[in-house]
Amino acid sequence: MILIDGKKEAANLRLELKKEVLALKAKYNKVPGLTVILIGDLAPSQIYVRNKEKSAKEVGLKSEVIKYPSNVEEKTILNKIDELNKDDTVSGILVQLPLPKHIDKKKVIETIIPEKDVDGFHPVNVGNLSSGYESSVPCTPLGCYLLIKKMEPNLSGKKAVVVGRSNLNGKPMTQLLLKENCTVTITHSKTKDLKEECLKGDIVVAAVGIPELVKGDWIKKDAIVIDVGINKIDKGIVGDVAFDEVSKIAKAITPVPGGVGPMTIACLLKNTVECFKRSQR
Ligand code: GUN
């Protein structure tokens, strides 16, 4: 069994990006910039944002975090996004989710211009991805995709099963696998005979948010298993895959933590660099 080392792959990707940022700086005399907006004081969001800032600086991006209290008015956020949309030194804008209830997530996402939408959440980017055109791709599925490609460069004709249909993970993951000519089955918490569906997968991506849902006898021998879950339970943090069982069957599996997580942040930096490059064309 191969333990897919997301930490190592993310470090490799950051190193590549660092070199690319240096080359861009030499060519354009400026570097890509990432601005993150953080509203409120949720602990997980604060940790994510701190990690994003640290990684962005490590690869040489211009990095800025703008913080607001949880009672900030929606208009203040939308005005700030408008300002950042027009700022040439800002290549990518990310508003950390979840948002306080009085702020409309859809409005916030749609105010960021698609060209600076490093999350790939804007409907224009969602549409472009689904049509197979160039777009920003949500960071977590992009990270999963890069890990899968590393394990199996030719995915054509492979059977892929995605467990979970969220806009954040499941749906964009499906689009990326389809683009690689996989035969993709999208399943979710209401799917009948989920076990039988998973057993068909050469590749199984679990992104459903149910702790240790995918069991050892749900997985075909020699499958590649990618675990997007981060679930807090009594014994600690676990994924959506029962790791101890599945790791005895699968050809390769991502651990939680240390699998998909580190790749997500590295892919955010990648998206920022891509946005910058597109803005220079
Ligand atoms: N909160 C948790 N994951 C994400 C993400 O990928 N993007 C944003 N904007 N917020 C998040």
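Remember, it's 1-based here, ligands and their atoms both numbered in the order they're listed. Count residues from 1 along the sequence.
For the pair Glu134 and Lys277, the salt-bridge criterion is not met [side-chain N within less than 4.0 Å of a carboxylate O]. Salt-bridge check for Lys57 with Glu53: passed, with a basic side-chain N closer than 4.0 Å to an acidic carboxylate O.
Trp218 pairs with exactly one of Val161, Val246, Leu194 by the side chain to side chain contact (heavy atoms under 4.5 Å, CB included) rule, that one being Leu194.
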Should Asp227 and Ile253 be marked as a side-chain contact (heavy atoms from CB on, under 4.5 Å) after you check the CA-CA gap, both sets of side-chain angles, and the distance that decides it? CA-CA 8 Å; Asp227 191 350; Ile253 183 170; 5.6 Å; no
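Side-chain atoms of Thr272 and Ser91 form no donor-acceptor pair, as typed in the model, at a separation below 3.5 Å. Using modelled atom types and a 3.5 Å distance limit, the side chains of Gln280 and Lys27 yield no donor-acceptor pair.
Within 4.0 Å of ligand 1, protein heavy atoms come from Leu94, Val95, Gln96, Leu97, Asp119, Phe121.
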